[in-house]
Amino acid sequence: MRLTVLGGCGAWPTASQACSGYLVEHDGFTVLIDPGYAVLPRLLAVTGDAAKLDAVLVSHGHPDHCADLNPLLRARALRDDDDPAPRLPVYAPPDALSAVLALDRQGMLDGALALHDFAPGDRFAVGPFDVRTWLLPHWLPNAGLRLTAQGETLAYTGDTGPAPELVDLARDADTFLAEASYQRQVPGDSARYLSSARQAGQTAARAGARRLALTHLLPGTDAEAAAEAASENYPGEIRSEEHTSELQSHH
């Protein structure tokens, strides 16, 4: 299983960073998790073609996690009629994509999209991946996602506050991709709905995750300081995922 981080910037993109966007590849099948702001250009830089994507998974409906679904679908719907792209399977919590899909006139993107709702807590298959989901605390319904294929596992939090379910999500994962909007302390008005790098390290340690990848760092956050905060509780490999990068899982 290969994970390519297209962007890991929280809330809004910067001149050099896209928001949440993660390519997961296994056995020739490619899934995009969370097409947030500015992810499509990074996707095209990696794949060369918007049609070279087999499915999309969306954790929740905040635009820094799903806004670039609109240009992604446009790139598939409006391409040359001699080289049409098949409908793209998109899996998301109910109504998470209503605002994004309403950006274009009704019916314009119908030929590019096959929308599949799932309730956080559901389990289903996407290509070679077994996908398990958890409802995690956020301002909008947010699904933690655990993808497993041939014994390799990626666990992803989406955006979440503290929750006991996070340990089950991340248990023995090869890579735990964890939201870390703040380094050590989440402000009081957000403490129920967002996490820190320090908390991510605590969860990774309790879950026995093999690697911790911090993501959703807010613009201006010191990535090295975030990794240091996570290392206070987690002794394993830590990455701070802001820019395009690749992680390969091996047993």
Side-chain angles (χ1 to χ4, degrees), residues 3-24 33-39 41-43 45-46 59-60 62-68 136-139 142 144-145 154-163 166-167 169-170 173-207 209-249:
L3 167 67
T4 302
V5 177
L6 303 176
C9 191
W12 70 92
T14 69
S16 61
Q17 301 173 14
C19 286
S20 295
Y22 316 99
L23 279 182
V24 187
I33 301 177
D34 279 3
Y37 292 127
V39 164
R42 272 67 175 187
L43 172 70
V46 171
S59 64
H60 67 287
H62 278 150
D64 56 330
H65 292 259
C66 66
D68 264 29
L136 298 176
H138 195 49
W139 287 283
N142 172 74
L145 303 170
L154 166 70
Y156 170 52
T157 63
D159 290 352
T160 182
L166 285 166
V167 174
L169 169 70
D174 295 282
T175 298
F176 178 39
L177 183 61
E179 178 251 314
S181 297
Y182 299 90
Q183 293 177 22
R184 287 183 170 81
Q185 188 71 33
V186 181
D189 60 347
S190 300
R192 292 176 56 193
Y193 304 115
L194 291 173
S195 296
S196 68
R198 188 167 183 263
Q199 288 170 321
Q202 291 172 335
T203 299
R206 287 198 294 264
R210 295 180 178 87
R211 175 196 290 125
L212 173 61
L214 302 174
T215 191
H216 203 268
L217 279 65
L218 294 180
T221 299
D222 185 326
E224 290 187 5
E228 182 180 345
S231 71
E232 293 173 5
N233 297 288
Y234 178 69
E237 178 186 350
I238 301 173
R239 297 273 297 266
S240 293
E241 301 302 335
E242 300 175 285
H243 304 281
T244 301
S245 62
E246 291 191 2
L247 294 169
Q248 190 89 28
S249 292

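Nothing here was measured: the structure is a model prediction, and the numbers come from that model.
- Here the CG atom belonging to D189 is positioned 9.0 Å from the CG atom belonging to L194, to the nearest 0.5 angstrom.
- Contact of the R198 side chain with the Q183 side chain is not registered, since no non-hydrogen atoms from C-beta on lie closer than 4.5 Å.
- Taking OH of Y182 as the start and OG of S195 as the end, the distance is 11.0 Å to the nearest 0.5 Å.
- Other residues, nucleotides and ligands contribute at most 12 non-hydrogen atoms within 6.0 Å of the CZ atom of R192.
- Within the 4.5 Å cutoff, the side chain of L43 has no heavy atoms near those of the V46 side chain.
- Residues satisfying the side-chain hydrogen bond (donor to acceptor under 3.5 Å, both in side chains) criterion with Q185, sequence neighbours excluded, are absent altogether.
- S196 is not listed as a side-chain neighbour of S181, based on a closest heavy-atom distance of 4.5 Å or more.
- You'll find the side chain of L6 stays beyond 4.5 Å of the side chain of Y22, heavy atoms only.
- Listed for the D34 side chain is no donor-acceptor partner under 3.5 Å among the backbone atoms of G36.
- Atom CG of D68 is separated from atom OH of Y37 by 9.5 Å, given to the nearest 0.5 angstrom.
- A side-chain hydrogen bond (donor to acceptor under 3.5 Å, both in side chains) with T175 holds for exactly one of R210, E237, R211, R239; it is R211.
- Side-chain contact between Y156 and I33: present, with at least one pair of heavy atoms (C-beta onward) separated by less than 4.5 Å.
- Closest of all the heavy-atom pairs between G21 and V39 is CA-CG2, 3.8 Å.
- Applying the ring-ring contact (aromatic ring centres under 6.0 Å, His included) test to W139 and every residue at least two apart in sequence or in another chain returns Y193.
- Considering every non-hydrogen atom in both T215 and G7, the closest pair reads OG1-O, 4.5 Å.
- Of all heavy-atom pairs spanning L214 and A180, the tightest one is CD2-CB, 4.0 Å.
- Side-chain contact between E228 and I238 is absent, with no heavy atoms from C-beta onward closer than 4.5 Å.
- Among residues two or more places apart in sequence or in another chain, the side-chain contact (heavy atoms from CB on, under 4.5 Å) test is passed with T157 by T160, L166, L169, F176, A178, E179.
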Could you go through the side chain to side chain donor-acceptor pair (under 3.5 Å) check for H216 and D64 one step at a time? CA-CA 9 Å; H216 203 268; D64 56 330; 3.1 Å; yes
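- Nearest heavy-atom pair across P13 and C19 is N-SG, 3.5 Å.
- At a threshold of 4.5 Å between non-hydrogen side-chain atoms, the residues V186 and Q199 count as touching.
- Listed here is the closest heavy atom pair of C9 and T14: SG-CG2, 3.9 Å.
- The two residues Y234 and G201 come nearest to each other via the heavy atoms CB-O, 3.5 Å.
- Under the 4.5 Å side-chain criterion, counting only non-hydrogen atoms from C-beta, E232 is not in contact with Q202.
- Remark: the H65 side chain and the D159 side chain contain an N/O donor-acceptor pair separated by less than 3.5 Å.
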